[in-house]
Amino acid sequence: MNLYNMQDIKPLLARHGFHFSKSLGQNFLIASWVPEETVAAANLDERSGVLEIGPGIGALTRPLAQAAGKVVSVELDRTLLPVLRETLAGCANTRVIHGDILKTDLAVLVDEHFADLRPVVVANLPYNITTPVLTHLVDSGLFERITVMVQKEVALRITASAGSSHYGAFSVYAAYYTEPTFCFDVPPDCFVPRPKVDSAVITLAVRKTPPVSTDPVAIFQVIKAAFAQRRKTLVNCLCSAFPGASKEMLAGILIGLGHDSRIRGETLDLQAFAQLTDGLLDAGIIRR
Ligand code: SAM
């Protein structure tokens with residue numbers, strides 16, 4: 001069965017009484033080059049244990065199974081399970097689990113399924129839960145590489161550099177825990193139904209240790225404060241977040257670090273946020 005051909009997909013879905021759900025972010029791939037390039041970007045081999053989120057009808061699962069040692073796919077929509085039994089019948093190294101990825105105990109899953117394999121994630125994500133899924137995956141510390149299709153806007157935000165229009169708190173979070181790469185664009189006509197937004201594939205190479213050595217709780221307090229009010233200067237943002245500090249004190253710390261006192265938070269990269277955090281800790285403005 002050709003999972004990229006509507007003439008094969010339509011009768012398959014009709015036979016199983018499947019209807020697309022918008023709230024589950026169900027836009028299925030119908031362009032074979034997209035799974036092929038996604039698998040290539042994921043850099044898989046027979047030692048890879050792939051966690052896939054939302055297999056749909058298996059358009060990405062099948063090429064993943066060819067490239068990896070094992071694929072475990074977590075699918076929330078129960079009505080897709082009999083479809084997947086049919087489409088993945090020839091793929092002995094796949095396993096479908098019915099469940100919500102956000103409620104899945106990832107450590108247990110990895111332990112049970114990927115004992116002798118290198119755990120990685122490859123998925124065409126349901127876009128409405130992109131941020132909680134990515135933080136769930138990254139915070140788990142279990143996966144060395146995460147290759148995902150997301151809304152293009154989100155891909156640009158995650159991979160943005162300091163000072164660019166897409167740069168925000170999530171860009172700094174991504175840079176702290178991972179090395180993000182923008183891989184390629186995916187236009188709406190690659191899916192059924194066609195989404196209203198453009199898509200893109202990114203990879204996140206998860207770091208073993210953060211690239212900066214400042215206090216891990218404090219730096220995220222500073223990042224959150226810096227992006228809380230984008231139109232304000234960094235001094236004003238920090239003043240609102242840390243009321244014990246005067247504007248003069250904060251401006252002095254910024255100048256001491258070689259910045260203009262009127263800069264905005266979005267001009268600072270991860271290193272600069274780490275230096276600022278150390279400055280605020282040393283001055284007693286943030287307590288450890
Ligand atoms: N991988 C398929 C493809 O590329 O054609 C389908 C991708 S579709 C964008 C997202 C898939 O995630 C759907 O199959 C949907 O049912 C599933 N899904 C949505 N929310 C989920 C959740 N919380 N946990 C697991 N799967 C979910």
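As the structure lists them, so they are numbered: ligands from 1, and atoms in each ligand from 1. All values below were derived from every heavy atom in this structure, side-chain atoms included, with hydrogens, water molecules and symmetry-related copies excluded.
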If I apply the N/O under 3.5 Å rule, does D77 come out as touching ligand 1?
no
May I ask you to check whether I57 has an N/O atom sitting below 3.5 Å from an N/O atom of ligand 1?
no
Taking all heavy atoms of I263 and all of T267, pick out the closest pair and write down the distance.
CB-OG1, 3.9 Å
Are D77 and F18 close enough that some pair of their side-chain heavy atoms sits under 4.5 Å apart?
yes
Just need the protein heavy atom nearest to atom 5 (O) of ligand 1, so name the residue and atom and give the distance.
L29 N, 2.8 Å
What protein heavy atom sits nearest atom 18 (N) of ligand 1, and how far away is it?
P126 CG, 3.8 Å
If you measure every N/O of I101 against every N/O of ligand 1, is any gap under 3.5 Å?
yes
Protein heavy-atom partner closest to atom 19 (C) of ligand 1 - residue, atom, separation in Å
L24 O, 3.1 Å
With heavy atoms under 4.0 Å as the rule, classify the contact between I129 and ligand 1 as side chain, backbone, both or neither.
side chain
For ligand 1, which atoms have a heavy atom of V74 less than 4.0 angstrom away?
25 (C), 26 (N)
May I ask you to identify the nearest protein heavy atom to atom 9 (C) of ligand 1, giving residue, atom name and distance to one decimal place in Å?
G25 O, 3.1 Å
Closest to atom 21 (C) of ligand 1 among protein heavy atoms sits L76 CB, 3.7 Å
G99 neighbourhood, listing ligand 1 atoms whose heavy-atom distance to it stays under 4.0 Å:
24 (N), 25 (C)
Among all protein heavy atoms in this structure, tell me which lies nearest to atom 6 (C) of ligand 1, with the distance rounded to 0.1 Å.
G54 O, 3.4 Å
Which residue in the set K70, R118, R145 passes salt bridge (Lys or Arg N to Asp or Glu O under 4.0 Å) when paired with D45?
R118
How far apart are the closest heavy atoms of I158 and P180, and which atoms are they?
O-CG, 3.8 Å
For L12 and E86, work out which heavy atoms get closest and say how close.
CD1-OE2, 3.6 Å
Contact atoms of ligand 1, heavy-atom distance to L80 under 4.0 Å
14 (O)
Between Y173 and F170, is a ring-ring contact (aromatic ring centres under 6.0 Å, His included) present by the stated rule, with each step listed?
CA-CA 5 Å; Y173 167 87; F170 204 59; 5.3 Å; yes
Could you measure the distance from the CG atom of L156 to the OG atom of S164? Nearest 0.5 Å is fine.
8.5 Å
Co-members of the apolar cluster containing W33 [side chain, <4.5 Å]
L29, V34, Y127, M149, F184, V186, F191, V197, V201
Would you name the heavy atoms of H166 and S171 that are closest together and state the gap between them?
O-OG, 3.9 Å
Any idea which protein heavy atom is nearest atom 16 (O) of ligand 1, and the distance to it?
E75 OE2, 2.5 Å
Option passing side chain to side chain contact (heavy atoms under 4.5 Å, CB included) with L51 (candidates V120, L106, V110, L142):
L106
Between F273 and Y176, is a ring-ring contact (aromatic ring centres under 6.0 Å, His included) present by the stated rule, with each step listed?
CA-CA 10 Å; F273 269 116; Y176 185 86; over 10 Å; no
Name the closest protein heavy atom to atom 4 (O) of ligand 1, giving the residue it belongs to and the distance to 0.1 Å.
N124 ND2, 2.8 Å
Nearest heavy atoms of V206 and I146, plus distance in Å:
CG2-CD1, 4.0 Å
Of all the heavy atoms in L125, does at least one lie under 4.0 Å from an atom in ligand 1?
yes
Structural part of P55 in contact with ligand 1, heavy atom criterion under 4.0 angstrom
backbone
Can you list the atoms of ligand 1 that are under 4.0 Å from a heavy atom of E52?
1 (N)
Quick one: which ligand 1 atoms are inside 4.0 Å of a heavy atom on Q26?
13 (C), 15 (C), 16 (O)
Quick check: does D100 get an N/O under 3.5 Å from an N/O on ligand 1?
yes
